[in-house]
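Note sheet for the following structure.
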Number of protein chains: 2
Amino acid sequence: MHSFTEENYLKTIYYLAARQEGEVTTNSLAEMTATKAASVSDMLRKLAEKQLIHYRKYQGVRLTEEGERLALKVIRRHRIWEVFLAEKLGFGWDEVHEMAEELEHIRSEDLVQKLDAFLGYPQFDPHGDPIPSPAGQMPTVEYTKLSEVTIGEEVQVMGVLEHSPEFLQHLDKTGLNLGCRVLVQDVNAFDKSVSVQINHEKTLFVSNEVARNLLVN
Amino acid sequence: MHSFTEENYLKTIYYLAARQEGEVTTNSLAEMTATKAASVSDMLRKLAEKQLIHYRKYQGVRLTEEGERLALKVIRRHRIWEVFLAEKLGFGWDEVHEMAEELEHIRSEDLVQKLDAFLGYPQFDPHGDPIPSPAGQMPTVEYTKLSEVTIGEEVQVMGVLEHSPEFLQHLDKTGLNLGCRVLVQDVNAFDKSVSVQINHEKTLFVSNEVARNLLVN
DNA sequence: ATAAAAATTTAGACTCGTCTAAAAATTTTT
DNA sequence: AAAAATTTTTAGACGAGTCTAAATTTTTAT
């Protein structure tokens, strides 16, 4: 099978490819995996040998079909475990990622399948990210950033772009949870901060930095 | 922290020490961990340096207090995960061990604690083995082998000494599940096989080999 | 009690995944 | 269109954990 490390590289390549246009660079991978560019180069050679990526030296990298299949498998496992940790064990959405980073590598098809059933076949993880199908299809979701919503519109918080515990804890503190209704009352022309009303109750100000990382619709 | 591999060695030393008298030998460890004696020697040197075992060259090995504490932590995690897999996900007692071998190494105190609570603080794993306390105490249980029960006694199946899937599947097939009542009707003087009545219903013959591996109370 | 056998340890090598330093290719600047 | 800066790759090394083969220690048998 494939190693823990290989799985992490494939997953990371998938995420970076989804976020940027074009091929994924060695340096961006080094940054994401907290390693050095030299180590990444080595691993890319190995992954290319195994036909999991398309790799042209100096030109960046792209997943093969098989590579993407594996990446989505890992992401599926990760997100299903996150649902378990949040829904069944009561962990916060700011805590689940780190544990899921380990759990995602447990190698048993059957385990994920049964866990999925136990959880009632969830469609989204605790951050609102869609869970790939067992066959390895990533559902497409059409979300808008809160920073792009026009004044007067009411939307619902569906997910986040930024997944750091700090950001998620900030949202907890301000009450901007998944599913809550947000009415955009005003946008500050100077700093693009947004004045919103939450669940038809309290009003609060959201910085553009935050609004750009909140997915709604 | 300690590596996956170190945790496995400590766990294995604990099991072998519990099963045999005296110190644990290099060869027995090599057999259990499916490695070679040379590899075990190397690892024992490392574990001794870290003060996790008492080690005198050529003389075998014994856990230190700290080593035993760690071993029991791993065993606790293993058994709690086994309960989860069996009770919540519906896996058979012949299937849970292999997955728990991986899950036991997930490093989060909080995770085990919350999982334990979610499961209602179980005292025994699906094979009837006691779950060590959070503080690292192995509960003492007083079981008898079915092979040692006298004719006419009725006992209850409490656990197994042999954990192989083959043995457990055999028990499933014959209906000798955990908790079932067993009345010893007769013991064959020649081959020590036992004639038993199960749950006051069907009668069946149990080989001595099986009876020696069935723990009852 | 000593020779033979068995168990254990050491020596040296290999893979995986990482590193630093240096070399090579690409991109940017002038 | 070179030169400079940046990015990427290669070369060589290291630690963890394993291996085989050889050396050493302990145990068993004669």
Side-chain angles (χ1 to χ4, degrees), chain A residues 1-13 16-17 19-63 67 70-71 74 101-102 104-107, chain B residues 1-13 16-17 19-63 67 70-71 74 101-102 104-107:
Chain A
M1 273 321 299
H2 303 97
S3 74
F4 191 105
T5 310
E6 285 172 344
E7 288 190 349
N8 280 335
Y9 271 91
L10 293 175
K11 185 185 61 168
T12 307
I13 293 167
L16 286 175
R19 161 183 316 179
Q20 309 152 177
E21 270 311 302
E23 318 245 304
V24 174
T25 66
T26 300
N27 264 0
S28 62
L29 276 167
E31 196 189 340
M32 281 281 278
T33 56
T35 60
K36 297 304 164 76
S39 312
V40 173
S41 269
D42 263 6
M43 182 56 79
L44 293 183
R45 194 178 33 69
K46 286 186 213 165
L47 292 173
E49 263 169 31
K50 296 192 178 186
Q51 320 249 37
L52 298 172
I53 58 175
H54 294 293
Y55 176 44
R56 298 191 335 280
K57 276 187 199 173
Y58 295 99
Q59 301 305 307
V61 86
R62 188 162 51 79
L63 292 173
L70 279 170
V74 177
E101 283 289 296
E102 297 187 54
E104 73 188 7
H105 300 292
I106 306 288
R107 290 159 197 325
Chain B
M1 271 324 296
H2 303 97
S3 74
F4 191 104
T5 309
E6 284 172 344
E7 288 190 348
N8 280 336
Y9 271 91
L10 294 175
K11 185 184 60 169
T12 307
I13 292 167
L16 287 176
R19 161 182 316 180
Q20 308 153 178
E21 271 312 301
E23 317 244 303
V24 174
T25 66
T26 300
N27 263 2
S28 62
L29 276 167
E31 198 190 338
M32 281 281 277
T33 57
T35 61
K36 297 304 163 77
S39 313
V40 174
S41 269
D42 263 6
M43 182 54 81
L44 293 183
R45 195 179 33 69
K46 285 186 211 166
L47 292 174
E49 264 170 32
K50 296 192 177 185
Q51 319 248 41
L52 298 171
I53 58 175
H54 295 293
Y55 177 43
R56 300 191 333 281
K57 275 188 198 173
Y58 297 98
Q59 301 304 309
V61 86
R62 188 163 51 82
L63 291 174
L70 279 171
V74 177
E101 282 289 295
E102 297 186 56
E104 72 188 8
H105 300 293
I106 307 288
R107 289 155 198 324

>> Both A:K57 and B:R45 contact DNA chain C. Which one's nearest nucleotide lies toward the 5' end?
In response: B:R45

> B:L44 has an atom CG; how far is it from atom C1' of C:dT10, in whole Å?
Replying inline: 14 Å

> Can you check whether B:H54 reaches B:V61 side chain to side chain, under 4.5 Å on heavy atoms?
Replying inline: no

> Could you go step by step and tell me if A:E102 and B:H105 meet the side-chain contact (heavy atoms from CB on, under 4.5 Å) rule?
Replying inline: CA-CA 9 Å; A:E102 297 187 54; B:H105 300 293; over 6 Å; no

> Nearest-Å distance, CD (B:E49) to C1' (D:dA16)?
Replying inline: 13 Å

> If only side-chain N and O atoms of A:T5 are considered, is one of them under 4.0 Å from the OP1 or OP2 phosphate oxygen of C:dG17?
Replying inline: yes

>> Quick check for you: among D:dC19, C:dT18, D:dG17, whose closest atom lies nearest to any side-chain atom of B:M43?
In response: D:dG17

> Contact class for A:F4 (heavy atom, under 4.0 Å): base, sugar-phosphate, or nothing?
Replying inline: nothing

>> As a test of reading the structure: which of C:dG17, C:dA25, C:dT20 is closest to the side chain of A:Y58, going by heavy atoms?
In response: C:dA25

> Taking any strand in view, what nucleotide pairs with C:dT30 in a Watson-Crick or G-U wobble way, both distances under 3.5 Å?
Replying inline: D:dA1

>> With a cut-off of less than 4.0 Å, is there a side-chain N or O of A:S3 near OP1 or OP2 of C:dG17?
In response: yes

> Crowded around A:E31 CD? As in, over 12 foreign heavy atoms under 6.0 Å?
Replying inline: no

> Are A:T35 and A:Y9 side-chain neighbours, meaning at least one heavy-atom pair lies under 4.5 Å?
Replying inline: yes

> If you round to the nearest 0.5 Å, how far is CG of B:L44 from CG of B:L52?
Replying inline: 11.5 Å

>> The side chain of B:Y55 is closest to which nucleotide in this list: C:dT9, C:dT8, C:dT20?
In response: C:dT9

>> If you define the side chain from C-beta out and look only at heavy atoms, does anything of A:I106 sit under 4.5 Å from B:I106?
In response: yes

> Taking the side chain of A:K46 as heavy atoms from C-beta outward, which of D:dT9, D:dT7, C:dG17 is closest to it?
Replying inline: C:dG17

>> Distance check needed: D:dG17 P versus B:H105 NE2, whole Å only.
In response: 12 Å

> C:dT9 P sits how many Å from B:R56 CZ, rounded?
Replying inline: 11 Å

> To the nearest Å, how far apart are B:E23 CD and D:dT26 C1'?
Replying inline: 15 Å

> To the nearest angstrom, how far is B:I53 atom CD1 from C:dT8 atom C1'?
Replying inline: 14 Å

> Between C:dT18 atom P and A:L47 atom CG, what is the distance in whole Å?
Replying inline: 11 Å

> Counting side-chain heavy atoms from CB outward, which of D:dT7, D:dT18, D:dA11 is closest to A:A38?
Replying inline: D:dA11

>> Please determine whether a side-chain nitrogen or oxygen atom of A:N27 lies at a distance below 4.0 Å from atom OP1 or OP2 of D:dT8.
In response: yes

>> Please pick, from C:dT9, C:dT18, D:dT9, the nucleotide with the shortest atom-to-atom distance to any side-chain atom of B:T26.
In response: C:dT9

> So what's C:dA6 paired with, Watson-Crick or G-U wobble, going by both distances under 3.5 Å?
Replying inline: D:dT25

> Which part of the nucleic acid, if any, lies within reach of B:S39 when heavy atoms closer than 4.0 Å are counted: base, sugar-phosphate only, or nothing?
Replying inline: base

>> Just the rounded figure in Å: distance from C1' of D:dT26 to CD of B:Q59.
In response: 8 Å

>> So A:S41, base contact, sugar-phosphate only, or nothing? Heavy-atom distance under 4.0 Å.
In response: base

>> Counting the atoms with a prime plus P, OP1 and OP2 as sugar-phosphate, which does A:Y9 contact under 4.0 Å by heavy atoms, base, sugar-phosphate, or nothing?
In response: sugar-phosphate

